[in-house]
Amino acid sequence: MATIINCLRVVPKVTNTNTEPFVSLFTKRASRLAIVASFSSSTMSYEKELAAANKAASLAARLCQKVQKELLQSDVQSKSDKSPVTVADYGSQALVSFVLENELSSESFSLVAEEDSGDLRKESGQETLQRITKLVNDTLLSDGSFSVSSLTTEDVLRAIDRGKSEGGSHGRHWVLDPIDGTKGFLRGDQYAIALALLDEGKVVLGVLACPNLPLVSISGDSQHSSNDEVGCLFFAKVGAGTYMQSLDGSLPKKVHVSTTENPEEASLFESFEAAHSLHDLSSSITKKLGVKAPPVRIDSQAKYGALSRGDGAIYLRFPHKGYREKIWDHAAGCIVVTEAGGVVTDAAGNPLDFSQGRYLDLDTGIIVTNQKLMPSLLKAVRESLDEKNSSL
Ligand SMILES: Nc1ncnc2c1ncn2[C@@H]1O[C@H](COP(=O)(O)O)[C@@H](O)[C@H]1OP(=O)(O)O
Ligand SMILES: [Mg+2]
Ligand SMILES: [Mg+2]
Ligand SMILES: [Mg+2]
């Protein structure tokens, strides 16, 4: 900002005594500077929030990696909806909540997150709570930049329960999935720590830490091996593009979605778990479109990250009837892809609305691709859905 203010003080050097060109030159220059100033102020804001989000997600990834390496049977529990939750889900949520509040202490803090401390407050949860508290403290200590000596079990419970906010269309709300793809995490496959910020109902920044995602492309036709270096951090800020760096801290690189217009060259990402998305429906859609390659099935929002750097060109998600999508399963992924030039809509082609609380209210499914393929993809989706509905 300082440079821009200084620039505004520079009076154009004009030798012509006719004032009109001077005025128009000055006006032109001033308006150009005003555009630069307004662009810079919109892209410069959320700088501090993005730095805090990157730090929080990277530390949470460190905790998750440690747990995944030495996972114990007692580390895994089942929630009331029968889905799994681990000490790493809770630890990651406590850590992100603590780091954000600590780094951005002057502001009011609202967090919409997946987990709550209900089961950890029961007698049967005490051992697990001790283990989570140790994991959180060890991770904070390994970073070395926090002044607190150590968190108590009560601090950890409080940090987890900060995530109970209802979100909404006013003010700022952080949105967190502490481990997206817990089933992938348990299998030793892909998972992500997904963190986004909503401002007045819009996603303004998003971070995806994907500890098991190779730094090189995972597209079906690229060569990769188990020796590939893994651990990616994707981050995006509204109006400023999407970047990827290694979780170990390499220089960030700007990424872009695939620019292919040819469906025959496009490949599809979808859920690993058939229970999470209708694979038959995606297969009918991609057949209509003319996609040749077999689908790439991976867990979690790592799909959005991989798509943002052009590893594939399409992501389709059609949950089984009755499933309600949550905002933390898409907010970070959505901005990571859109800032990389992609488009994210529901099956009717509407943008996703993150302003309605903890759930997404949408038509049928979620579709992600580049701008060129979207019209034909939407047509194929409509036709396949009509066929499916008429066969019922
Ligand atoms: N029955 C379900 N249908 C669709 N998504 C689900 C279902 N159960 C859990 N999920 C969520 O789907 C996401 C992973 O989807 P996928 O890997 O298939 O893309 C996760 O957010 C996961 O929650 P969680 O965050 O608890 O892992
Ligand atoms: Mg879960
Ligand atoms: Mg999730
Ligand atoms: Mg989760």
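Just so you know, ligand 1 is whichever comes first in the structure, and atom 1 is the first atom listed for that ligand.
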Peer 1: Any nitrogen or oxygen of Ile179, side chain or backbone, less than 3.5 Å from one on ligand 1?
Peer 2: yes
Peer 1: In terms of residue, atom name and distance, what is the protein heavy atom nearest to atom 17 (O) of ligand 1?
Peer 2: Ser300 N, 2.6 Å
Peer 1: May I ask which of Ile366, Asp329, Leu186 has a heavy atom nearer to atom 21 (O) of ligand 1 than the others do?
Peer 2: Asp329
Peer 1: For residues 359-380, pull every pair meeting side-chain hydrogen bond (donor to acceptor under 3.5 Å, both in side chains), keeping only residues two or more places apart or in separate chains.
Peer 2: Lys379-Glu383
Peer 1: Suppose we measure from atom 25 (O) of ligand 1 to each protein heavy atom; which comes out shortest, and what is that distance?
Peer 2: Asp177 OD2, 3.0 Å
Peer 1: Below 3.5 Å, N or O to N or O, backbone or side chain included: is there any such pair between Gly181 and ligand 1?
Peer 2: yes
Peer 1: Is the closest heavy atom of Val85 to ligand 1 under 4.0 Å?
Peer 2: no
Peer 1: Which option wins on minimum heavy-atom distance to atom 12 (O) of ligand 1: Arg317, Gln301, Lys183, Lys79?
Peer 2: Arg317
Peer 1: Is Glu127 atom CD crowded by more than 12 heavy atoms from other residues, nucleotides or ligands, each under 6.0 Å away?
Peer 2: no
Peer 1: Would you check the N or O atoms of Glu273, main chain and side chain alike, for any that come under 3.5 Å of an N or O of ligand 1?
Peer 2: no
Peer 1: Answer with side chain, backbone, both or neither: which part of Ala275 has a heavy atom less than 4.0 angstrom from an atom of ligand 1?
Peer 2: backbone
Peer 1: For atom 22 (C) of ligand 1, which of Arg324, Glu325, His276, His330 has the closest heavy atom?
Peer 2: His276
Peer 1: Examine the side chains of Asp89 and Thr86 and answer whether a donor and an acceptor come within less than 3.5 Å of each other.
Peer 2: yes
Peer 1: CZ/Arg62 to CD1/Ile193 distance, rounded to the nearest 0.5 angstrom?
Peer 2: 12.0 Å
Peer 1: Go through the steps to decide whether His330 and Tyr304 satisfy the test side-chain hydrogen bond (donor to acceptor under 3.5 Å, both in side chains), and finish with yes or no.
Peer 2: CA-CA 9 Å; His330 301 282; Tyr304 283 103; 2.7 Å; yes
Peer 1: Please step through salt bridge (charged side-chain N to carboxylate O under 4.0 Å, His left out) for the pair Arg317 and Asp329, ending with a clear verdict.
Peer 2: CA-CA 12 Å; Arg317 181 179 187 84; Asp329 283 325; 5.5 Å; no
Peer 1: I'd like to check which ligand 1 atoms, numbered from 1 as shown, lie under 4.0 Å from a non-hydrogen atom of Asp299.
Peer 2: 17 (O)
Peer 1: In the protein, which heavy atom is nearest to atom 20 (C) of ligand 1, and how far is it?
Peer 2: Asp180 OD1, 3.2 Å
Peer 1: What's within reach of the Mg ion (ligand 3), meaning protein N/O/S atoms under 2.8 Å?
Peer 2: Asp177 OD2, Asp180 OD1, Asp329 OD1
Peer 1: For a quick check under 3.5 Å, do Lys388 and Ser284 share a side-chain donor-acceptor pair by atom type?
Peer 2: no
Peer 1: Using distance alone, determine whether Lys303 and ligand 1 share an N or O pair under 3.5 Å.
Peer 2: yes
Peer 1: For the residue pair Asp143 / Ser145, report whether a side-chain donor-acceptor contact shorter than 3.5 Å exists.
Peer 2: yes
Peer 1: Considering only non-hydrogen protein atoms, determine which one is nearest to atom 11 (C) of ligand 1 and report residue, atom name and distance to 0.1 Å.
Peer 2: Tyr323 OH, 3.6 Å
Peer 1: Could you find the nearest protein heavy atom to atom 18 (O) of ligand 1 and give me its residue, atom name and distance?
Peer 2: Ser271 OG, 2.6 Å
Peer 1: Are a donor atom and an acceptor atom from the side chains of Ser271 and Ser277 found within less than 3.5 Å of each other?
Peer 2: no
Peer 1: If you have a sec, work out which protein heavy atom is nearest atom 26 (O) of ligand 1 and how many Å separate them, to one decimal?
Peer 2: Glu114 OE2, 3.1 Å
Peer 1: Main chain of Gly171, side chain of Glu200: is a donor-acceptor contact present, judged purely on distance under 3.5 Å?
Peer 2: yes
Peer 1: Side chains of Asn212 and Gln68 only: does a donor on one sit below 3.5 Å from an acceptor on the other?
Peer 2: yes
Peer 1: Verify side chain to side chain contact (heavy atoms under 4.5 Å, CB included) between Phe146 and Phe98, making sure each step is shown before the conclusion.
Peer 2: CA-CA 10 Å; Phe146 295 93; Phe98 173 79; 3.9 Å; yes
Peer 1: Working note: Lys79 + Glu114, criterion salt bridge (charged side-chain N to carboxylate O under 4.0 Å, His left out); need CA distance, chi angles, decisive distance, verdict.
Peer 2: CA-CA 12 Å; Lys79 294 203 280 190; Glu114 181 181 356; 3.1 Å; yes
Peer 1: Assess the side chains of Asn262 and Thr260: does a donor N or O sit below 3.5 Å from an acceptor N or O?
Peer 2: no
